[in-house]
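The shown structure was predicted, so the numbers you read here are calculated from the model rather than taken from an experiment. Letters A, B, ... mirror the listed sequences (proteins, then strands); counts begin at 1.
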Amino acid sequence: MGNMSKHPREQVKTILFLLFVFFNIVLIFFIWSDNLSERISDNHGFFRGSQILNVEPTDIPVNKIPDQNLEPENPFTPAPPTIKLPGHEDYDQEDVSQYIPPPFYQWRN
Amino acid sequence: LVKNNILRAGNKTPVWLSRINKRRLVPFYITLLLIISAWLIGRAASGHDAAHLVYELIPETAKVEKIGSIFVGLNKDGQQIMGYAAVGEAPGYSGPISMMVAMNTEGDIIGVRIINHTETAGFFRLLDNQGYVEQFLNKHFSQLFAPGHDLDAVSGATISAEGVASSARQAIRMIAREGLEQELPPVKQSLQIGIPEITLILLFAVGYAGHKLRSSVWKKRIRWGTLLTGLVVLGFIYTIPLTISQVVSLLSGYWPDFYTNLYWYLLIGGILFAASVDAKNPYCSWFCPFGAFQECLGALTGAKRFRPRRWNNILTWMQRSLALSAILFGLAYRNPSGLSYEPFAVLFDLKGNTFQWLFLLSILLASLLMYRPFCNLFCPIDPVMAFISESRRRIREIWEICLNTLANK
């Protein structure tokens, strides 16, 4: 690093410049802090392990079967025949197949 | 040529091992190591066990078993199916959104829960406030599940809303196929090209060609043309500048859908292509919308570049540290926007908290006194481009050494 300019005007400019940089660094830290605290306080998926929203831990043990032990086909009773399938009043096959999500730039987030 | 570039006269020591280069190599490789470590940490910590949610989403479930990619909720004796659940995942604004959907055996949705997301909290809260997720309840699996159709759209968080809907559709399709044994028709996809994509391609082409122009007068005129186009189209109309979140998303593997987000691929791909092939960065100097806005302000007062030489190294490393922090944090927590701090959304979308507004105000005032203060001091993209440029140099040197070794043999 070289020597600081001896010219008083240059020195004042440099000091103001450094104050500007320092001020903005402090602001960036505040922006980070605000962003992180908002995510943590909302429990909105910031730290892994606490990402499940609005969920109280359950006492019921989870019965997980490893994939390799699974039988290839669903061994349980199939769904009852009362399912409202394509004949359902809200079902519109053409709409489902034609739906294309809007592009990125149309979404103002 | 190879000898001149690679070997020092006399002792045949490769230049890349010389003392001067070692000083540059150490921080380069430390940075690379940190990025790889953060990526691995993020990778190891990713994933979630959502099975216990099935008990809450499917009433009277006493036992949960996983069949293929779906969960099956069973009654106490395990003989009757109470419902099905599955987890879908789709890209949101700054990373994937995972959602569990539960359905009864008749195909009606009886429970939904967002398991994981990395969206900006303020935007995502809009979904909560408007009860967006609750809209899925009691709908039949054969419905469209599209914002603006059978779901109320959420103004101000539309990407997040589409991400949630898309992850729900994925889960619904899994249950329909594997649980209810029904097949929904495939969703047709078509490449979407609009004004932003065409503008971006033109800006890249003009910016790239403009670098090579010899006439400084024409170069200046064309550059002002691209800057103003970038400012208006990419800035004020569509608000789609390059951000550090997009870089982290790229590194994390959170790539959006190609068909509906061609712009993202053009922007990232165009910059990487230009930087790696020709060591040029047309984006920052030719059409970055925020850079253009600062430059316009600077042009009003004739602002000039100001950077005290004594502080040059410290300022460079400060900027690099800010960028590296944002990248490492984003990768380790798989949260691309976790430490982003660019004031782009504040200027172009008028959205931000008090600190972001203060930061923007400070930058804009400084733009009247010095040339592009944000770009020169704080922008995280500049160090990223410098790192790409350094990587390119390293790869070229290693390649030339290999060629030289082969030539000597």
Side-chain angles (χ1 to χ4, degrees), chain A residues 1-4 14 17-18 20-21 23-25 27-28 30-32 34-36 38-39 42 44-48 51-53 55 58 60 62-65 67 70 74 76-80 82-86 88 90-93 95-105 107-109, chain B residues 45 48 51-53 55 63-67 72 81 93 105-107 114-118 121 123-124 140 142-144 146 157-160 162 166 180-182 184-185 187-190 192 194 196 238 240 260-261 263-264 306 308-310 339 341 349 353 355-356 358-359 362 366 377-378:
Chain A
M1 287 187 284
N3 291 324
M4 199 181 230
T14 305
F17 173 81
L18 293 175
F20 163 75
V21 172
F23 174 68
N24 283 297
I25 290 290
L27 280 179
I28 288 172
F30 274 117
I31 290 169
W32 283 354
D34 197 59
N35 196 8
L36 300 189
E38 198 172 12
R39 281 164 195 267
D42 283 3
H44 263 176
F46 184 67
F47 293 109
R48 296 206 175 269
Q51 284 170 342
I52 294 166
L53 306 182
V55 174
T58 173
I60 307 168
V62 176
N63 180 11
K64 279 178 62 182
I65 297 179
D67 284 351
L70 295 176
N74 187 343
F76 302 103
T77 319
T82 50
I83 298 172
K84 297 160 197 165
L85 277 177
H88 189 273
D90 294 327
Y91 184 77
D92 185 339
Q93 179 165 340
D95 269 3
V96 173
S97 61
Q98 292 300 319
Y99 174 67
I100 295 166
F104 178 78
Y105 55 84
W107 298 330
R108 291 301 190 86
N109 210 337
Chain B
H48 41 257
H52 69 281
L53 281 176
Y55 292 104
K63 197 175 169 190
V64 174
E65 299 202 350
K66 197 171 182 214
I67 309 292
V72 181
I81 297 174
Y93 183 74
T105 51
E106 295 194 341
I114 289 168
I115 297 170
N116 178 36
H117 75 87
T118 54
F123 292 130
F124 206 79
H140 191 256
S142 57
Q143 283 189 228
L144 199 54
T158 33
I159 299 179
S160 306
E162 174 55 32
S166 184
L180 305 175
E181 294 171 1
Q182 301 294 329
L184 287 171
V187 176
K188 282 183 186 171
Q189 287 192 306
S190 62
Q192 297 193 13
Y238 294 104
I240 39 179
T260 52
N261 295 287
Y263 180 89
W264 189 91
F306 182 75
R309 196 175 296 172
R310 178 188 160 91
L339 287 192
Y341 55 89
D349 245 357
N353 58 31
F355 300 119
Q356 287 168 322
L358 273 175
F359 186 46
S362 162
L377 295 166
F378 305 108

Original post:
How far does CG of Asn353(B) sit from CG of Asn35(A), to the nearest 0.5 angstrom?
Top reply: 8.0 Å
Original post:
Once you round to the nearest 0.5 Å, how far does CZ of Arg310(B) lie from CG of Leu18(A)?
Top reply: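 With rounding to 0.5 Å, CZ (Arg310(B)) is 9.0 Å from CG (Leu18(A)).
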Subject >> Contact class of Leu339(B) relative to chain A, heavy atoms under 4.5 angstrom >> reply: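 Contact with chain A: backbone and side chain both.
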Original post:
Checking Phe306(B) against chain A: side chain, backbone, both or neither under 4.5 Å from a heavy atom?
Top reply: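 Contact with chain A involves both backbone and side-chain atoms of Phe306(B).
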Subject >> Test ring pair (Phe, Tyr, Trp, His ring centres under 6.0 Å) applied to Phe20(A) - qualifying residues, sequence neighbours left out >> reply: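 Per chain and number, Phe20(A) pairs via ring pair (Phe, Tyr, Trp, His ring centres under 6.0 Å) with no residue.
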Original post:
Below 4.5 Å, heavy atoms only, C-beta onward: do Phe355(B) and Ile28(A) meet side chain to side chain?
Top reply: no
Original post:
Taking all non-hydrogen atoms of both residues, which atom of Phe378(B) and which atom of Asn24(A) are closest, and how far apart?
Top reply: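 Answer, listing the atom of Phe378(B) first, then Asn24(A): CZ-CB, 3.4 Å.
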